[in-house]
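Notes to accompany the following structure.
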Amino acid sequence: MIESEKSLLKNPTSGIRKFVSVNDVQDINALVQKALGYKADPFKNKHLGAGKRIGCLFLNPSMRTRLSTQIAAQNLGMDAIVFNVGQEGWALEFEEGAVMDGTSVEHVKDAAPVLGKFFDILAVRTFPSLKNRDDDYRELHMEQFIKYAGIPVVSLESATLHPLQSLADLITIKETLFNSPSIDKVKIVLSWAPHVKPLPQCVANSFAQWINAWGEANFVITHPPGYELDEQFTKGAIINTNQDDALKSADFVYVKNWSSYKDYGEILPNDENWMLTTTKLSVTNNAKVMHCLPVRRNVELSDEILDSKNSIVTQQAGNRVWAAQAMLDTLLT
Ligand code: CP
């Protein structure tokens, strides 16, 4: 293994490694290459994780993240145990100094060190409350697991970010670009979509953070006024509230709903016509359309787009395995 591959995730001498955002990645392109190497040959390191165990804690539902992480671990010879904390475990308390006379039964500072004894890597999925922005954006749940587990912690989606989704997104973009040599500077548009429920900003924040950190795209974010994301993630992107204008000449359109960051967790009215259609897509460079899934058909994205050749959502979800495998390889190595 070459030195640049060994150091794909930062390994500060002061602490245990983690994977909770793009800031934990030393070399994004090398990590993508590692993932594509596993896509070409999934079992080439089938003993790398032998004798190791990953605990996957879900405080919320999941299909792709849960299964892709287990498959990735198995491909490396690693045991994966999934625990649905939200449904099967004791209700956890996360606040320091809490007087636990309510519904929570166990404090994370007692539970996480036990998990640190059971596992070699701890992977955690948690969502925001969408009620209190400050609480959500300080990432209390993930930070408490990092503080108390004593082993590497991986985010399977947190209150504000979804790093393994974003890595899979970038893998998908890069492998598509390999087959499109005519594209010089790729144009990627993140386009807000309508939804019936208030959703987290995690996927959009994370995608923006990764594409900005990657730095090789003309990156545009388009949304109706009022849906501005946190600038700490979007800085570097062009923000355009005119969707038709933003879509012009796009090579990739990433469609995603998020609730308002400013009016935190709110759905703002009058935005149904933001759903991407074939007519809207006609101004692009025959763009590939992405979505992290699950998707609400004919609310977020039309049937005509999802069932067309422009849609690469299944390829994108399939790449979740290789994203997880590249990340686990790097933590294990
Ligand atoms: N995209 C994604 O995270 O899917 P799941 O919620 O099914 O894990």
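Everything numeric in this text was worked out from a predicted model, so none of it was measured. Whatever order the structure lists ligands and atoms in, that order sets their numbers, starting from 1.
At a 4.0 Å heavy-atom cut-off, the residues surrounding ligand 1 are S62, M63, R64, T65, R125, H162, Q165, C292, L293, R320, listed by chain and number.
For the residue pair E157/N60, the side-chain donor-acceptor check at 3.5 Å is not satisfied. Looking at T278 and E304, their side chains do bring a donor and an acceptor atom within 3.5 Å of each other.
Geometrically, K44 engages Y38 in a cation-pi contact, judged by NZ or CZ lying under 6.0 Å from the ring centre and within 45° of the ring axis.
With D251 contributing its side chain and K187 its backbone, the two residues share a donor-acceptor pair below 3.5 Å. Without hydrogens or angle criteria, Q144 side chain to F94 main chain gives a donor-acceptor distance under 3.5 Å.
Residues Y261 and E228 come closest through the heavy atom pair CB-O, 3.3 Å.
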